[in-house]
Amino acid sequence: MTDDNQPRTDGGTATALPGDSHDDDHLPPRWSLKRWLVTTNHKDVGLLYLATAMFFLVFGGVLALLIRAQMWSPRAPGTGVLSAMAYNQAVSLHGLIMVFWFISPFATGFANYIVPLQIGAEDLAFPRLNALSYWLYLASGILVFASFFQGSSFAGGWTLYAPLNIPAFMPSIGATTTVFAIVVFCASITVGGVNFLTTIHRMRAPGLTMRSLPLFTWSWLLTAWMMLLAFAALLAAVMILLSDRMLGTTYFAATTAGGSVLWTHLFWFFGHPEVYIVFFPALGAMAEIFQTFSGNRIVGRKWFIVSMVLVALQSFIVWMHHMFLTSINLEVKTLFMATTIGISLPFDLMVFALIYTLIKGRIRWDTPMLYAFGALVLFIVGGITGVFLGAVVLDYEFRGTYWVVAHFHYVMVSGVTGLIAGLFYWFPKMTGKTYDEFLGKLSFAVYFTGFNLLYFPLFLAWGTPRRVFAYRPEYVGWHRLASVGAVILGIAFLLIIYNLAKSIVAGDDAAANPWPYSTTAEWAVASPPPIENFPGKPSYVSGSLEFLDDDATAAAAADGGTAATDGGHAALESGHGDDVHVDHASYWPVTIGLFTLVTALGLSGLQVGSYPSGLEGLFYQGASVLGVVGLLGSITAMGYENFTAHEGGLGEAWPFEGVENTKMGMWVFLASDVVLFGAFIGAAIFLRVAYGWTQWHPIPHNPIPGLVNTYLLLTSSFTVILALVAAQKRSRKGVVASLTLTFLLGLGFLANKAIEWVVLFSEGTGLDSSVRASTYYLTTGLHMGHVIAGLLVTAYLIWRAWNGAYTDGNDETLEYFGLYWHFVDIVWLFLFPLFYIV
Amino acid sequence: MIPDSTAASVLQSGLVPQGTRVQVFSEIYWVFLGLGTLVGAVVIGYMLYNAYKYSYQGGVDEEERPKLGEVPTGGGKGKKLFLSLGLSAIIVISLIAWTYGTLLFVEGQTGEQGVDVQVEGYQFGWNFYYLDDGGDDYTGVNTTNELRVPVDTQINLQVTSDDVFHNFGIPQLKVKTDAIPGETTETWFEASDTGNYTAHCYELCGQGHSYMDAEVIVMEEDEFQDWYDSQNASTNNESAANVAAAGV
Amino acid sequence: MARTKLYTGIYVALFVIATMQVAVEQIGLLESSYMLALGLITVFSLVKAVVVAGYFQHLVWEPRSVTYVMLLGFVGFLALTVAASYSIL
Ligand code: HEM
Ligand SMILES: [Cu+2]
Ligand SMILES: [Cu+2]
């Protein structure tokens, strides 16, 4: 790599210490498989994410090559390497895998590894949840893989448009499994989002204010916020879809007024933020790399951050630019045209900021910089062609053609390019080895050539409709060029993988800081960093990074170092993990992941309310039961496990000072739940508006039973409050009594609801009777699911309280459960009038 | 949203591309392409220039460079940033505003005169139902996978679907709209030359999507009239029940 | 922290508002003046939700940022619902 021939001084005491890994003995050694199953350490989890994402890159890449093989010539019916259905599966799963199972997890891998190092945290706030989000991700990926073997995988495009996505048009079990995989993936993202948001907001080193957060961390922070809210909307969409497929509700059925358009709203409300979710981490990596390799601090840093924040917010108000050809009205088109242009402007600023950072630099063209620079070039081309699409009259013609395909590959794969820059940049840090610089540069040359050969001709062949393999013969030349480019790009990826694999085995040892002019904290520790990351407590208070010894940290504690738990028992933790034991291993995340996989596989057999007959059905039913039982057991076990994690609030915690980690995590989770319910409620309102608002009447004949349920829930909220009050008074009896009352009230709610449903069923009003009935059953059903989950937790709490928990001064668990329970109450306060009164 | 009078005066000013959809598209497309290429070339050129100029070449360094462990800060004040942002904003916003006039023109054009046809997508083909002058009632003339229209006449399409989400588009005539079950979208086109064109489906709709084409035959006005009358005569011979069964 | 009295008062108020909400329907206001009834019912729900969030969930005693996080989710819901519904009007 680069040899810096100029002597340079380090700021402060930030010198790398050799890794002292005495804590490693909490974990099995790296060469043991067991370590990778039980580890909760952010660096290990990061590597797992990266490796798995690379696997999916290859998987999605093979599908892409199949697509390009089919596109070699315009195919007459029945000819070509793929059948029509195989082709449809290939385009659909290629898109899904690249967007969900490759790019985001790839970025998550870096975030896992680098973000805690950059902010001076020893680990994430909830290490076990971090491992859990990885295992859920892997489970969802295995589901995708399995879907190919269950008849047919999903074949309706990565946008999953309705009503092609319902069993009437796509009956295979594999298609259900694909949708289920997305559900599990959303769960993984939500768990991860909660974790990162809590960590970045509350676990920064003293002196590291939001304004001075490194740009990669900033980009990931905003990514996590967008993920949290956008994926909640997607989760709602795919849950409704699953319900249509498995239970037989009729949201998206062809006969439903507005069903197809509803899907496009739900999907793109998620879909547009998603394009920034995949791009932001790359942007952050590019910003770091541009600074390091040009030897300049980024120009207009503050405005760069402001721009990112603006984009993150605006990304939620542009979704209808994907729907300009649907039946939406002109006013809305105008509005969304304006917001779309609005969102391109902050991007302009960021692009210019990166370019101006080069000026007066001493630019070193190592592999990371080559990729980062290339990524910016590609992004500019993608952005300019995006402006074409923002002009509605042009979009009318480009929509559904290869123009869109070319545009979004330029932007998205520019993001991939930026992440590959990050891969080379952080490779020495993550592996402690030096990659082969020559091979790296060679791979860039091949990559850049292949990329442009592949995607640029698609602009020229833009008259080709998307997702077809019979196109006008005049485009053959361009499509062949693209296919050749695809092979070259594939070779580039193989070169990259070969280079890195070879270097892991036989590369030279890397220095702690191989790059001149790098500034961020990950370069101030050994490569790879020791398990506790830092040789002391990191602090920026003096103006630059210092590692303080432990005595000094007590004074820096801003938050009174209260109990830190990962959902399990409370244990007191303060300062650095030398004298205090911190856990790094748990079996439960991988177990939960496994049972999630089993559950999803089992339930995927459920088609419109019934399992297949015979042995096959038996398999699916058995797996469903086994999975659910295993899930309940392993979640309980994880809750009960003694696991100590690092506490937050010891350094910078703006703007959540004083909101203890677990509490903040709970609130952030609830925010995503607001969006989940919001999307369900929004779907019901939308369908009702499409149908004619006043033509719709409540399904229950009479609001009084619903009112009774409102009373029951309100009272149960009150008893949860009483439980907390009792705990504060250290009254065990009071706690147990109040919780038991809560439990009984909740049961009453469920019983009342059950009676209502039984009566409705007996009158012939089923889930599939009408859209109106579907929305009523599913939305209140989702709420009921929340009540049931709450009651399961209540039962657990009662048992623990009976044994003396919560009255020993550690009543946080009760408080956090209360937050959830009151939230369920609040949701009902809206569902009740919507579905029973108006 | 925009007062009609303002919209009308902008439309009449001559600045806004109007005409058939082929004409407005190519006018706008070429302007975008020209400016887009220019902007792209300038920006990327400027990047490459700086990349070359400031490449590391050893020698003494007068600048104060970033140090490991420093609190991240920015370089430069960003004045130049806002200048470039302002410039690009002006280009982008004025371009889009300019095309907005055409959007109003295109949207305002629907259903005023010409021939009205209802298009219905199904897996995997297209039905065309010819409507009466007001575009309200089915005349009994219908075709499948073949749309015949007169030249130099505005053709108004009311597009829907019988099963899944499709999208009806005729690339050479620059018209396209979604075919959504339970909904109707409206659009129009006008062909300036007689001849045969092909309509495609632009939304993945299942197994036969790649071949979900229809032929569009643009005829001289009187030829079209002859064809239409002959169709009309044959349908009039059929019973009224058949017309009702077409479900339109 | 003896806020028990406060909590009890709030609980009673919630009970009353819930009853009033149904009363709006029972007195036939939905038939006679739909928009007014709809408005009233919505406001009642909002008031109840704010009170539960503010006091039972302790939002009034937490840093304001927590409230903003929840509002963020709520605004997302509003944006989706209102814009989507409006788009097909
Ligand atoms: C200047 C900025 C951008 C503008 C104005 C823009 C505009 C658009 C528009 C209007 C569409 C809809 C085209 C259609 O389907 O008719 C679109 C599609 C798309 N854009 Fe962008 N875009 C921009 C940047 C990005 C970025 C940064 C990404 C991702 C990293 C991205 C990813 C996508 C994707 C994935 C689609 C296609 C979705 C699909 O139909 O499958 N865009 N863009
Ligand atoms: Cu978008
Ligand atoms: Cu199609």
The interface call for A:T264 against chain B, heavy-atom contacts under 4.5 Å, is side chain
TODO: Would you confirm whether B:T160, through its side chain, and B:I180, through its main-chain N or O, come within 3.5 Å as a donor-acceptor pair?
DONE: yes
Cut-off 4.5 Å, heavy atoms of chain B, and the answer for A:A155 is backbone
Cut-off 4.5 Å, heavy atoms of chain B, and the answer for A:F352 is both
Is the distance between the ring centroids of A:F379 and A:F347 under 6.0 Å?
-> yes
If one checks every heavy atom of A:A168 against chain B at 4.5 Å, the contacting part turns out to be neither
So, the part of A:I380 with a heavy atom under 4.5 Å from chain B: the answer is side chain
Whatever's closer than 4.5 Å to a heavy atom in chain A on B:Y211 counts as side chain
Pair count under 4.5 Å, heavy atoms only, with chain B: among A:G342, A:A690, A:A470, highest is A:A470
Applying a strict 4.5 Å limit to non-hydrogen atoms, the region of B:L35 in contact with chain A is neither
Q. Cut-off 3.5 Å, side chains only: do B:S55 and A:R364 have a donor facing an acceptor?
A. no
Okay, A:F459 and chain B: the region with an atom under 4.5 Å from a heavy atom over there is neither
If one checks every heavy atom of A:T520 against chain B at 4.5 Å, the contacting part turns out to be backbone
The interface call for B:Q57 against chain A, heavy-atom contacts under 4.5 Å, is neither
Requested in this report: Using distance alone, with no hydrogens and no angle criterion, decide if B:E70 and A:S544 have a side-chain donor and acceptor under 3.5 Å apart.
Outcome: no
Pair count under 4.5 Å, heavy atoms only, with chain B: among A:F304, A:Y471, A:Y540, A:F252, highest is A:Y540
Okay, A:I384 and chain B: the region with an atom under 4.5 Å from a heavy atom over there is side chain
The interface call for B:V24 against chain A, heavy-atom contacts under 4.5 Å, is neither
Under 4.5 Å to a heavy atom of chain B? For A:L358 that would be both
The interface call for A:S344 against chain B, heavy-atom contacts under 4.5 Å, is side chain
So, the part of B:V106 with a heavy atom under 4.5 Å from chain A: the answer is side chain
Bottom line for A:R466: the part with an atom under 4.5 Å from chain B's heavy atoms is backbone
query: Without hydrogens or angle criteria, can the side chains of B:Q158 and B:D116 be said to hold a donor-acceptor pair below 3.5 Å?
result: no
Open item on the list: Would B:K80 and A:Y356 count as a cation-pi pair here, with the cationic atom under 6.0 angstrom from the ring centre and within 45° of the axis?
Closed with: yes
*Is the distance between the ring centroids of B:Y56 and A:W365 under 6.0 Å?*
no
Side chains of A:W403 and A:T385: is there a donor and an acceptor less than 3.5 Å apart?
no
Can A:T209 and A:S212 be counted as having a side-chain donor-acceptor contact under 3.5 angstrom?
yes
- prompt: Will you find, in the side chains of B:T185 and B:T177, an N or O donor that is under 3.5 Å from an N or O acceptor?
  reply: yes
When the 4.5 angstrom heavy-atom criterion is applied to A:A253 and chain B, the contacting part is neither
Task: Donor-acceptor contact below 3.5 Å, side chain B:K174 vs main chain B:R21 - done: no
So, the part of A:M337 with a heavy atom under 4.5 Å from chain B: the answer is side chain
Exercise. Using 4.0 Å as the upper bound for N to carboxylate O, is an ion pair formed by B:E64 and B:K67?
Worked result: yes
When the 4.5 angstrom heavy-atom criterion is applied to A:F169 and chain B, the contacting part is side chain
